[in-house]
Amino acid sequence: MIKRIRKAVFPVAGLGTRFLPATKAVPKEMLNIVDRPILQHVVEEAIEAGIEHFCFVTGRNKGVIEDHFDMSYELEDTLKRRGKNKEHAAMTAMLPAAGATSFTRQQAPLGLGHAIWCAREIIGDEPFAVLLPDMITMSAKGSQRRCMKQCVEAYGQHGGNIIAVETVPPADTHKYGVVSIGADNGHSFEITGMVEKPPQGTAPSNLIISGRYILQPEIFELLGAVGTGAGGEIQLTDGMKALAAKQEFHGVRFDGRTFDCGSKLGFLSANVAFALEDADIADAFRAELKGALG
Ligand code: UTP
């Protein structure tokens, strides 16, 4: 019987250098998409997928993340007394239950693989989800199934390890981790290999590893052993390649939209897309956009 996915890791210890000076004092993950920080969108995606425990791997100057996922007693009390029920509900609806969050520090940004390894004691001996807050996802129209929910569904079908993938133009594959495809049912498929940043023209497919994973706990021991890889960092892909020699990996083609909020363009596109879905401002914002575009 396969074990249920109860815990998720959110690696948030990176330096966010592509977003300086905005990220000098504010963590990249706390930049705003319409009315909530990037990280809140990602935590809400995890809640939708059934996650019950939220493990944040943070670093220095990221204390505001811990505050955001805690009660804000004075503010909540004031909103209640003033009858601002809608605002009060917006503040409290997404709060994880007491004891449902853990925070650990990476100490030095040695790479994504190292950040995940830092969560080993909190996760223990069970499969877990990983959500990179660089990416936020939006369900396809009329569906309430963001990327992690679709990964959990695929895990229910295949077990083992799951990686969400995205299609990119063949000319862009050299910038990403790329997977090779085996047996394929259209939505999910067997992964037969992974290659990090393949030289142009050599990628085995145009499906890139995008930022949502379900991993078995054996990954921790392997991450502890892989050493530094590309960019002098401990790479999650290297750990996953070692695990793929022993366990199955499946890929999931996410049915919906993704935004790379680690880049300025993706961040701005996400703000536009989410604003156009926000019932309070969509019509007025559409008119503003039309005006701005002439
Ligand atoms: P990125 O490499 O995109 O994030 O890592 P970064 O280093 O913060 O950003 P830039 O490139 O300098 O602008 C993807 C995710 O992994 C986390 C980051 O916080 C981000 O959410 N990460 C990365 C860590 O937690 N630790 C690391 O050592 C590296």
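Note that this is a predicted model, so its numbers are computed, not measured. Both ligands and their constituent atoms are indexed starting at 1 by order of listing.
- Here Cys55 contributes atom SG and Ile122 contributes atom CD1; the two are 3.5 Å apart, rounded to the nearest 0.5 Å.
- Contacts classified as side-chain hydrogen bond (donor to acceptor under 3.5 Å, both in side chains) and involving residues 83-93 (residues at least two apart or in different chains) are given here: Lys86-Asp280.
- For residues 106-117, the side-chain hydrogen bond (donor to acceptor under 3.5 Å, both in side chains) pairs, not counting sequence neighbours, are Gln106-His114.
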Listing, residues 199-217 side-chain donor-acceptor contacts under 3.5 Å, not counting sequence neighbours, or none:
from, atom 1, to, atom 2, distance (Å)
Gln200, NE2, Ala171, O, 2.9
Gln200, NE2, His174, ND1, 3.2
Thr202, OG1, Pro199, O, 2.5
Ser205, OG, Val179, O, 2.6
Ser205, OG, Leu207, N, 3.1
Asn206, ND2, Val168, O, 3.3
Ser210, OG, Ala164, O, 3.2
Arg212, NE, Glu45, OE1, 3.4
Arg212, NE, Glu45, OE2, 2.8
Arg212, NH1, Leu132, O, 3.0
Arg212, NH2, Glu45, OE1, 3.0
Arg212, NH2, Met135, O, 2.7
Gln216, NE2, Gly160, O, 2.8

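- The residues lining ligand 1, counting any heavy atom closer than 4.0 Å, are Pro11, Val12, Ala13, Gly14, Leu15, Gly16, Thr17, Arg18, Lys28, Glu29, Gln106, Pro109, Leu110, Gly111, Leu112, Ala115, Pro133, Asp134.
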Verdict with supporting geometry, Phe267 and Phe19, ring-ring contact (aromatic ring centres under 6.0 Å, His included): CA-CA 10 Å; Phe267 174 77; Phe19 253 111; 5.3 Å; yes
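- There is a side-chain donor-acceptor pair under 3.5 Å between Glu218 and Gln247.
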